[in-house]
Amino acid sequence: MRSRILAVAVDCHDTEALARFWSAALGYEVVKRWQDSKGAEYVDIGSNGQWQLVFQPVGEDKVVKNRLHLDLVPVEGSQADEVTRLTELGARVLSDDPELPWVVLADPEDNEFCVLPPRQEG
């Protein structure tokens, strides 16, 4: 017996705004909007049956570094091009240490993620 990843849940204040950012960043689409039994509204995004990102509303602010984050690689163009594109969408650069191969960014609600150089498929 084993498990598989269905979704990665992202706590946020504005589910719609963060879903728009990550949909644009990843080329995903909204696959479902739903409410839990208490009336909280969630937004799920995904692509081609892959695992999804679920944006779930929370009342508290983010106060510490993420213990889990996404590592992104550009599908086209360079790492610098992708960082520029993501910052134009609303991300901000947190760290760009020239001795490390990744750039650390934060999404519009301060969730950290990294952008690495392009990789060869295969």
Side-chain angles (χ1 to χ4, degrees):
M1 187 178 268
R2 63 184 178 93
S3 296
R4 68 178 177 85
I5 295 174
L6 173 66
V8 172
V10 180
D11 291 351
C12 58
H13 290 290
D14 188 338
T15 57
E16 290 292 335
L18 209 54
R20 270 192 309 277
F21 170 82
W22 282 104
S23 291
L26 299 172
Y28 281 13
E29 296 180 5
V30 172
V31 294
K32 181 166 68 168
R33 289 179 172 85
W34 54 283
Q35 290 185 353
D36 65 19
S37 62
K38 297 183 181 195
E41 296 189 16
Y42 297 71
V43 180
D44 298 3
I45 67 170
S47 175
N48 299 327
Q50 305 262 352
W51 55 271
Q52 299 175 2
L53 289 176
V54 177
F55 299 93
Q56 59 186 23
V58 297
E60 65 273 0
D61 290 333
K62 180 182 171 296
V63 293
V64 297
K65 182 180 181 293
N66 296 9
R67 295 292 304 262
L68 174 79
H69 69 266
L70 301 177
D71 284 345
L72 306 182
V73 294
V75 174
E76 309 176 329
S78 70
Q79 179 185 31
D81 292 339
E82 187 64 358
V83 168
T84 297
R85 185 182 77 85
L86 293 166
T87 56
E88 288 172 354
L89 290 173
R92 63 188 176 87
V93 175
L94 298 179
S95 174
D96 188 4
D97 184 335
E99 294 183 20
L100 298 172
W102 53 80
V103 178
V104 181
L105 288 89
D107 72 15
E109 291 209 14
D110 289 329
N111 299 298
E112 296 96 358
F113 64 99
C114 293
V115 177
L116 290 92
R119 304 272 169 109
Q120 295 291 336
E121 295 291 324

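Remember, it's a predicted structure, so these values are computed and weren't measured experimentally. Atom set for the values below is all heavy atoms of this structure, side chains included, hydrogens, waters and symmetry mates excluded.
Residues V8 and L105 share a hydrophobic cluster, clusters being chains of Ile/Leu/Val/Met/Phe/Trp/Tyr side chains in contact below 4.5 Å. Note on V30 and W51: same hydrophobic cluster, where clusters join Ile, Leu, Val, Met, Phe, Trp and Tyr whose side-chain heavy atoms are under 4.5 Å apart, directly or indirectly. By the rule that hydrophobic residues join a cluster once side-chain heavy atoms approach within less than 4.5 Å of another member, V104 and V83 end up as members of separate clusters. L89 and L116 are assigned to two separate hydrophobic clusters, defined by single-linkage of ILVMFWY side chains at heavy-atom distances under 4.5 Å. Under a hydrophobic-cluster definition in which Ile, Leu, Val, Met, Phe, Trp and Tyr are linked whenever side-chain heavy atoms come within less than 4.5 Å, directly or via other members, Y42 and I45 are assigned to different clusters.
Once rounded to the nearest 0.5 Å, the distance linking OG of S95 with CG of L100 reads 7.0 Å. Rounded to the nearest 0.5 angstrom, F55 CZ and D11 CG are separated by 11.0 Å. One distance of note links CZ of F21 with CG of L53; it measures 11.0 Å at 0.5 Å rounding. Atoms CD and OG1, on Q56 and T15 in that order, are 10.5 Å from each other to the nearest 0.5 Å. For the atom pair L86 CG and W22 CH2, the distance stands at 7.5 Å (nearest 0.5 Å). Distance CG/D36 to CH2/W34: 6.5 Å, rounded to 0.5 Å.
When all heavy atoms of V31 and G46 are compared, the closest pair comes out as CG1-N, 4.0 Å. Considering every non-hydrogen atom in both T84 and T87, the closest pair reads O-OG1, 2.9 Å. When all heavy atoms of P117 and P101 are compared, the pair lying nearest together is CD-O, 3.0 Å. When all heavy atoms of Q79 and P118 are compared, the closest pair comes out as N-CD, 4.1 Å. P108 and G90 make their closest contact through CG-O, 3.8 Å (heavy atoms, listed as atom of the first residue, atom of the second, distance).
Between L6 and V54 there is no side-chain heavy-atom pair separated by less than 4.5 Å. Residues W102 and D71 fail the side-chain proximity criterion, which asks for heavy atoms closer than 4.5 Å.
In this structure, E29 places its CD atom where only 12 or fewer heavy-atom neighbours from other residues, nucleotides or ligands lie under 6.0 Å away. For E76, the CD atom sits in a loose shell: 12 or fewer heavy atoms of surrounding residues, nucleotides or ligands are nearer than 6.0 Å.
Pairs engaging residues 82-103 under the salt bridge (Lys or Arg N to Asp or Glu O under 4.0 Å) rule: E82-R85, R92-D110 [sequence neighbours left out].
The only option from K62, H69, K65 that meets the side-chain hydrogen bond (donor to acceptor under 3.5 Å, both in side chains) definition with E112 turns out to be K62.
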Begin with the C-alpha distance, continue with both residues' side-chain angles, and end with the deciding distance and a verdict on side-chain contact (heavy atoms from CB on, under 4.5 Å) for H13 and D61. CA-CA 8 Å; H13 290 290; D61 290 333; 2.8 Å; yes

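Take E109 and apply the salt bridge (Lys or Arg N to Asp or Glu O under 4.0 Å) test, not counting sequence neighbours, and it matches no residue. Applying the salt bridge (Lys or Arg N to Asp or Glu O under 4.0 Å) criterion to E41, with sequence neighbours excluded, gives no partner residue.
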